[in-house]
Amino acid sequence: MYSIRLTEDEIPKKWYNIAADLPVEFPAYDQTEEGKQLENLPKIFSKGVLEQELSTERYIKIPKEVREAYKQMGRPTPLVRAKALEDHLDTPAKIFYKREDTSPTGSHKLNTAIAQAYYAKQDGIERLTTETGAGQWGTALSLACNLMDMDCTVYMVKVSFNQKPYRKTIMQLYNGEVLASPTTQTEFGRKVLAENPDHPGTLGVAISEAIEDALNDEKVYYSLGSVLNHVMLHQTVIGQETQKQLEIAGETPDVMVACVGGGSNFAGAVFPFMKDQLDEKINCKFIAAEPSHCPTLTQGDYCYDFGDTAGLTPLIKMYTMGHDYIPPSDHAGGLRYHGMSPLVALLVHEGLVEPRAVEQNDIFKSGVTFARTEGIVPAPETCHAIKVGIDEALECKKTGEEKTIVVNFSGHGLLDLKGYDDYLAGKLD
Ligand SMILES: *Cc1c(COP(=O)(O)O)cnc(C)c1O
């Protein structure tokens, strides 16, 4: 059996909240002395997600409407044995990948977009604003808003906006409004452009613009695609499904890998298994794969910092490159973020998750190998996880170990072909 599929009824009924099981206390959000960052939260987030953000309940019920939307959007997703890749690598390891690319928008992002749009709608909100890097999050939120009959404004990082013109088209097709950030439409955007007219844009700047927009209108909320606890929570449908699927396959994981930008697909895939690990039911190595171009976990400091560049978010204890860091241009736009989920950061800091930085040329090489064996073109972000998965499988070839390796396949790369183009032409540094 290659593809292990669950029925629609087997979609999890609850999200798993790792806050209930952390080995150390979660470092509370903070604000600056003159700042209003914490007071502003209820102006930009729904009651539903704010409650989840601070909850320590282990399981949180998924609303019926959200579960229905998950079904309509193709959940549960398959878990696939990468037999062709294993044969190509000639490894004794078994490699599985969880296919979040099968969502209509092509990534895991819809899992939280649907939930966030649902809770905003419950509060009577008319429009959501957001940032997007590679464009995957803006795409997912545009669709989710349209499904819930709300408008969506997407501040898209300018380098990605220029690299990926079709991303804009697909967001507009889903009824989203797309602006290249920094824009001239917000005070902060104008300030950034005044200082540097050629600013390439960053996720930090785009988040500031989207928050400013939401703060200026009480019918508007802001929605974040990663980093925050409620986003990690919503993504745990991935790992819970994978648990059932591995059980059907008769496997327990020895290694789990996912890429990290803000940490959400990693958290979603891994946190349910982290509970098993803490309960000593499994003995698994968890690896977070990040780009060497933006090495937040391997080179950043573990300290309090803002999630955005203007300092509108609360202070969050996480690994950070600094909130005004401008990462070098990289084709994995979804991983170009200065900070990290505070939950993922805490687990790295406690030694429960191993971070690993990988090079851009190597990740595209792995992506091409994957496409030529398994047939699916991975997103450049996903290639980071595949690269580490392949390295682990090759290590097994040396040692003869038959490890079970699970890679979270966060999304497909069919709208990211520019990066592959440059790789195949030998134009990447
Ligand atoms: C957004 C995105 C990522 C990075 O975000 P996380 O929150 O770290 O998951 C990774 N892969 C894909 C395909 C994405 O769209």
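All values below come from the heavy atoms of this structure, side chains included, with hydrogens, waters and symmetry mates left out.
One finds a salt bridge joining Glu68 and Lys71 here, because a Lys/Arg side-chain nitrogen approaches an Asp/Glu carboxylate oxygen to under 4.0 Å. A salt bridge links Arg58 to Asp21: at least one charged side-chain nitrogen sits closer than 4.0 Å to a carboxylate oxygen. Using a 4.0 Å cut-off between charged nitrogen and carboxylate oxygen, Asp217 and Lys219 do not count as a salt-bridge pair. Between Glu177 and Lys168 there is no salt bridge, since none of the side-chain N atoms of the basic residue sits less than 4.0 Å from a carboxylate O of the acidic one. A salt bridge does not link Glu65 to Arg67: none of the charged side-chain nitrogens sits closer than 4.0 Å to a carboxylate oxygen. A salt bridge is absent between Glu359 and Lys387: the closest approach of a Lys/Arg side-chain nitrogen to an acidic carboxylate oxygen does not fall below 4.0 angstrom. Using a 4.0 Å cut-off between a side-chain N of Lys or Arg and a carboxylate O of Asp or Glu, Glu100 and Lys109 do not qualify as a salt bridge.
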Before you tell me yes or no, could you show the steps for Lys285 and Asp254 under salt bridge (charged side-chain N to carboxylate O under 4.0 Å, His left out), namely the whole-Å CA-CA distance, both residues' side-chain angles and the distance that decides it to 0.1 Å? CA-CA 6 Å; Lys285 177 161 74 170; Asp254 299 302; over 6 Å; no

Go through the steps to decide whether Arg167 and Ser160 satisfy the test side chain to side chain donor-acceptor pair (under 3.5 Å), and finish with yes or no. CA-CA 9 Å; Arg167 273 285 167 200; Ser160 295; over 6 Å; no

Before giving the answer on side chain to side chain donor-acceptor pair (under 3.5 Å), spell out for Gln37 and Thr313 the whole-Å C-alpha distance, their side-chain angles and the decisive distance to 0.1 Å. CA-CA 6 Å; Gln37 293 95 345; Thr313 72; over 6 Å; no

Between Tyr325 and Cys294, does a side chain to side chain contact (heavy atoms under 4.5 Å, CB included) hold up when you go through it step by step? CA-CA 10 Å; Tyr325 176 70; Cys294 188; 4.0 Å; yes

Evaluation steps, side chain to side chain donor-acceptor pair (under 3.5 Å), between Tyr70 and Glu8: CA-CA 9 Å; Tyr70 281 169; Glu8 286 179 357; over 6 Å; no

Salt bridge (charged side-chain N to carboxylate O under 4.0 Å, His left out) between Arg127 and Asp213: does it pass, once the steps are laid out? CA-CA 10 Å; Arg127 178 168 67 98; Asp213 182 348; 2.9 Å; yes

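Between the side chain of Gln235 and the backbone N or O of His108 there is at least one donor-acceptor pair closer than 3.5 Å. Looking at Gln240, its side chain never comes within 3.5 Å of a backbone N or O of Lys13 through a donor-acceptor pair. Under the 3.5 Å distance criterion, the side-chain polar atoms of Asp305 are left unmatched by any main-chain donor or acceptor of Gly339.
With ring centers used as reference points, Phe286 lies 6.0 Å or more from Phe266. Centroid-to-centroid, the aromatic rings of His331 and Tyr423 stay 6.0 Å apart or farther. Separation of the Phe364 and Tyr420 ring centroids falls under the 6.0 Å cut-off. Annotation: Tyr16 is not in aromatic contact with Phe271 [ring centroid separation under 6.0 Å not met].
No option in Val358, Leu335, Val260, Val388 other than Val260 meets the side chain to side chain contact (heavy atoms under 4.5 Å, CB included) test with Glu290.
Minimum interatomic distance between Met156 and Gly133 (heavy atoms only, all atoms of both residues): CE-O, 3.9 Å. Pairing each heavy atom of Ile60 with each of Asn17, the nearest pair is CD1-ND2, 4.3 Å. The shortest heavy-atom contact between Ala310 and Ser208 is N-OG, 2.8 Å. The minimum heavy-atom distance linking Ala20 with Thr56 is given by the pair CB-O, 3.3 Å. Counting all heavy atoms, side chain and backbone alike, Tyr302 lies closest to Leu346 at OH-CA, 3.6 Å. The heavy-atom pair separating Val348 from Pro355 by the smallest distance is CG1-CG, 3.9 Å.
Thr77 and Lys98 share a side-chain donor-acceptor pair at under 3.5 Å. Looking at Thr382 and Ser410, their side chains do bring a donor and an acceptor atom within 3.5 Å of each other. Thr130 and Trp137 are linked by a side-chain donor-acceptor pair at a separation below 3.5 angstrom, with hydrogens and angles left out of the test. At a cut-off of 3.5 Å, with distance as the only test, no side-chain donor of Tyr222 or Gln116 sits close to an acceptor on the other residue. The closest side-chain donor-acceptor pair between Gln52 and Ser55, if any, does not fall under 3.5 angstrom. Defined by atom type and a distance below 3.5 Å, a donor-acceptor pair is present between the side-chain atoms of Asp123 and Tyr221.
Using the six-membered ring where Trp is involved, Tyr119 and His234 have ring planes that are parallel, under 30° apart on the 30 and 60° scheme. Using a 30° and 60° split on the angle between ring planes, His323 and His338 fall in the perpendicular class, above 60°.
More than 12 heavy atoms of other shown residues, nucleotides or ligands fall within 6.0 angstrom of atom CG in Asn196. In Glu187, the CD atom is not crowded: 12 or fewer heavy atoms of neighbouring residues, nucleotides or ligands sit closer than 6.0 Å. More than 12 heavy atoms of other residues, nucleotides or ligands sit less than 6.0 Å from atom OH of Tyr59.
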